[in-house]
Amino acid sequence: LHNQNPMHVNEAQRPSHTDAISFGQDNKLTPFSKNSLTGLQFANNLAILGIVRQPTVASIADWLVHNERLGAINGLIFLGFNIPMKRDIPDASIRKLWIKAAFQTVYNHVEMNMSLEQRTQCHFGVIFVEHLLCKVSRWANVFHTAGLNLSEVARAELTVTSSPLAKVLR
């Protein structure tokens, strides 16, 4: 890709999202230590810019299996998925299957329940779903701290325009 505009390069010829994550690690760049969130965000930004290919569910599951303490895994667990941890199942390839299946389920559900316009506005894809999952458990904690039950807030949002959610967002 040297001296080429990435927007004029066939997507199949662009480096993968995983290649972008590995770049910082392979070159021993300090902010890109093994399995760092900075490395993932760097790769995500390159994918958004079209410099590398978008991540796939399999490639993000491969990253997540080595970062079980970060938000997306917590989001999957909060949603009720039984995601085995390294201490339970040391074999990463087996844990990755669980993560991939759970992530794909969330991806499919969100994709089916958003309109084309909404998906376009949000740049829907693997990056969007990973980012969304990172926020699930964090927002659950916000509701809990505010003394609100997430299910009750959701029900109220369906029936009333002024809801307990307004208290949290003030």
Side-chain angles (χ1 to χ4, degrees), residues 1 4-27 29 31-86 88-143 150 154:
L1 292 177
Q4 294 182 29
N5 181 338
M7 300 313 286
H8 299 137
V9 175
N10 181 312
E11 186 173 356
Q13 294 175 308
R14 295 179 196 159
S16 72
H17 184 262
T18 302
D19 292 336
I21 292 172
S22 298
F23 173 80
Q25 295 169 2
D26 295 346
N27 289 292
L29 301 174
F32 303 100
S33 62
K34 186 169 173 59
N35 301 318
S36 74
L37 188 56
T38 302
L40 177 69
Q41 294 302 326
F42 173 72
N44 287 350
N45 287 325
L46 292 178
I48 290 165
L49 292 170
I51 296 170
V52 301
R53 294 189 303 269
Q54 291 287 324
T56 63
V57 171
S59 70
I60 204 70
D62 198 39
W63 188 85
L64 290 172
V65 77
H66 299 290
N67 293 279
E68 64 184 29
R69 292 189 173 144
L70 296 178
I73 295 294
N74 292 329
L76 290 170
I77 292 168
F78 180 83
L79 292 174
F81 291 97
N82 184 13
I83 306 295
M85 297 290 122
K86 186 176 183 176
D88 303 319
I89 299 178
D91 187 337
S93 63
I94 294 173
R95 291 193 326 276
K96 180 183 170 186
L97 294 174
W98 288 76
I99 293 167
K100 184 179 174 190
F103 191 98
Q104 187 71 62
T105 300
V106 172
Y107 183 99
N108 292 348
H109 178 78
V110 174
E111 182 179 39
M112 288 185 329
N113 287 284
M114 289 178 80
S115 69
L116 177 59
E117 180 182 357
Q118 290 168 326
R119 290 192 311 266
T120 301
Q121 287 175 344
C122 293
H123 302 280
F124 180 81
V126 170
I127 294 170
F128 174 83
V129 173
E130 188 276 334
H131 191 69
L132 180 67
L133 284 168
C134 287
K135 305 306 174 233
V136 169
S137 60
R138 185 171 301 150
W139 272 100
N141 288 334
V142 168
F143 288 123
L150 191 54

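It should be emphasised that the depicted structure is a prediction, and the values quoted were computed from it without experimental measurement.
One finds the CG atom of Leu76 at 8.0 Å from the CD1 atom of Ile99 (value rounded to the nearest 0.5 Å). His109 contributes atom NE2, which lies 11.0 Å from atom CE of Met114 (distance to the nearest 0.5 angstrom). Taking CZ from Phe81 and OG1 from Thr105, the interatomic distance works out to 5.0 Å, rounded to the nearest 0.5 Å. Here Leu64 contributes atom CG and Lys96 contributes atom NZ; the two are 10.5 Å apart, rounded to the nearest 0.5 Å.
Phe103 places none of its side-chain heavy atoms less than 4.5 Å from the side chain of Asn108. Between Leu40 and Glu130 there is a side-chain heavy-atom pair separated by less than 4.5 Å. For the pair Val110 and Phe128, the minimum side-chain heavy-atom distance is below 4.5 Å. Within the 4.5 Å cutoff, the side chain of Lys100 has no heavy atoms near those of the Val65 side chain.
Side-chain contact, Gln41 with Asn45: no donor N or O sits under 3.5 Å from an acceptor N or O. Side-chain contact check for Asn44 and His17: at least one donor-acceptor pair (N or O, by modelled atom type) lies under 3.5 Å. When only modelled atom types and interatomic distance are considered, Asp19 and Ser16 share a side-chain donor-acceptor pair under 3.5 Å.
Around the CD atom of Glu117, the shell of radius 6.0 Å holds no more than 12 heavy atoms that belong to other residues, nucleotides or ligands. Enclosure of atom NZ in Lys86 is not indicated, since only 12 or fewer non-hydrogen atoms of other residues, nucleotides or ligands lie within 6.0 angstrom.
A donor-acceptor pair under 3.5 Å is absent between the side-chain atoms of Arg138 and the main chain of Gly71, judged by distance alone. Judged purely by atom type and a 3.5 angstrom limit, Ser59 has no side-chain atom pairing as donor or acceptor with the backbone of Pro55. Side-chain N or O atoms of Arg53 include none that pairs as donor or acceptor with a backbone N or O of Ala47 at under 3.5 Å. Counting only distance, with no hydrogens or angles, the side chain of Arg95 and the backbone of Ile89 share a donor-acceptor pair below 3.5 Å. Side chain of Gln104 to backbone of Ala101: no donor-acceptor contact under 3.5 angstrom is found.
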### Task
Check the pair Ile127, Gln54 against side-chain contact (heavy atoms from CB on, under 4.5 Å), reporting the backbone distance first and the verdict last.
CA-CA 8 Å; Ile127 294 170; Gln54 291 287 324; 3.6 Å; yes
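Taking all atoms of both residues into account, the shortest heavy-atom contact from Ile51 to Pro15 is O-CD, 3.6 Å.
Relative orientation of the Tyr107 and Phe124 rings is tilted, given thresholds of 30° and 60° on the angle between their planes.
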